[in-house]
Amino acid sequence: MGAFNSRMIPSSRVSVAVNLSIVRGNAQRIAEQTRSPILAVVKSDAYGLGTQGVSRALADLVDGFCVFSLREAQTADLWRTAGKPILSIGPQEDFSAGEFIEAHVRPAVWTAEQARRFARAEPVLSVDTGMQRFTAGKAETDAMMREARFTEAFTHAVKMEQAVELAEMFGGKGMKLHAAGSALLNEPRARLDAVRPGIALYRGAVRVATRLLEARDSNRSAGYSGFVTPRLGVIPCGYSSGLRKGLCVINGIRQAILEVGMQSAYVEAGESDRAGDEVILLGDGLTEAEVAGAWMTSEHQALLCLTGMGIRRQIT
Ligand SMILES: *Cc1c(COP(=O)(O)O)cnc(C)c1O
């Protein structure tokens with residue numbers, strides 16, 4: 001299994017349709033299930049779905065947004081788009097407290113020096129419960145408390161015990177606490193004062209499709225690898241757009257992506273599949289988790305890769 005292409009070129013013949021109503025439906029379901037305020041994670045251009053459209057669609061359903069960097073919030077004009085509090089969870093780079101304040105973004109901080117530097121920008125304490133990056137351990141948090149007044153603290157938890165640890169460290173101090181990403185939404189004890197889902201907001205919302213350029217019956221080996229299949233199809237999407245071997249859906253039937261080339265790929269085709277027929281790479285029942293399984297990677301990486309394959313369009 002090869003590595004992902006580091007510089008992908010979207011194919012003009014692949015359509016990426018982002019259904020914002022489904023993103024809203026996901027948020028509504030999370031709210032009903034958790035009964036907790038939602039801080040929607042829209043880092044990496046909302047996992048490729050488009051931060052501006054996603055944040056506008058979610059503005060009335062969530063309590064705030066999380067980006068990785070201040071730059072992402074500025075690029076999406078997030079405060080003016082959604083008008084909800086914004087937390088930047090990654091390193092602050094060279095930005096000043098004034099720049100954070102101007103963009104209505106609160107910086108996550110994890111050292112005493114950062115706490116001092118961003119004290120005016122209502123910094124949020126990022127607490128280590130096992131991640132060991134961009135986080136403060138116990139000794140550091142004590143020093144930080146002397147530099148700034150903290151009203152909010154969070155940890156990046158993958159296990160329920162980590163959320164509980166945060167609550168034990170900072171509970172009862174009047175601070176807003178949050179820990180749970182998508183993986184912990186089912187854990188009542190991890191919900192604390194808010195939940196911070198990313199991927200759970202986006203599942204099922206993207207449909208990636210292209211069309212068969214060619215389809216032919218085949219009675220001998222084909223392609224570079226000499227694969228054999230009774231009927232093959234060719235699609236205009238390959239390595240250069242991030243495609244890998246896996247699954248697709250043609251006329252409602254699951255088919256294999258048999259061999260991927262630079263700008264095209266071979267797929268298995270059904271008896272009656274013809275040139276021009278639609279080939280679904282994500283959606284219509286083919287899930288992010290299935291693609292991730294075939295690619296041996298995370299749903300997050302699969303979704304980011306799929307949304308970058310073609311021309312994106314947001315629909316409501
Ligand atoms: C990315 C991220 C999330 C969301 O993770 P999902 O698994 O996509 O829900 C939550 N919190 C932090 C700190 C993150 O970096």
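Atoms within each ligand, like the ligands themselves, are counted from 1 in listed order. Counting begins at 1 with the first residue of the sequence.
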Contacts of type side-chain hydrogen bond (donor to acceptor under 3.5 Å, both in side chains), residue N19, not counting sequence neighbours: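 Scan of N19 (side-chain hydrogen bond (donor to acceptor under 3.5 Å, both in side chains), adjacent residues dropped) gives none.
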Can you list, by chain and residue number, every protein residue with a non-hydrogen atom closer than 4.0 Å to ligand 1? V41, K43, Y47, I89, H156, G181, S182, R196, P197, G198, I199, H300
Using a strict threshold of under 4.0 Å (side-chain N to carboxylate O), is an ion pair present between D193 and K176? no
Quick one: list whatever passes salt bridge (charged side-chain N to carboxylate O under 4.0 Å, His left out) with R312, sequence neighbours left out.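 Applying salt bridge (charged side-chain N to carboxylate O under 4.0 Å, His left out) to R312 gives D45.
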Look at the side chain of R191 and the backbone N and O of L185, then say whether any donor-acceptor pair between them is shorter than 3.5 Å. yes
Determine yes or no for a side-chain-to-main-chain donor-acceptor pair under 3.5 angstrom, with S44 supplying the side chain and Y47 the backbone.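 Looks like no, no N/O pair under 3.5 Å.
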Let me have the donor-acceptor pairs involving side chains of residues 59-70, under 3.5 Å, with sequence neighbours excluded, atom names and distances please.
residue : atom : partner : partner atom : Å
D60     : OD1  : R24     : NH1          : 2.7
S69     : OG   : E72     : N            : 3.3

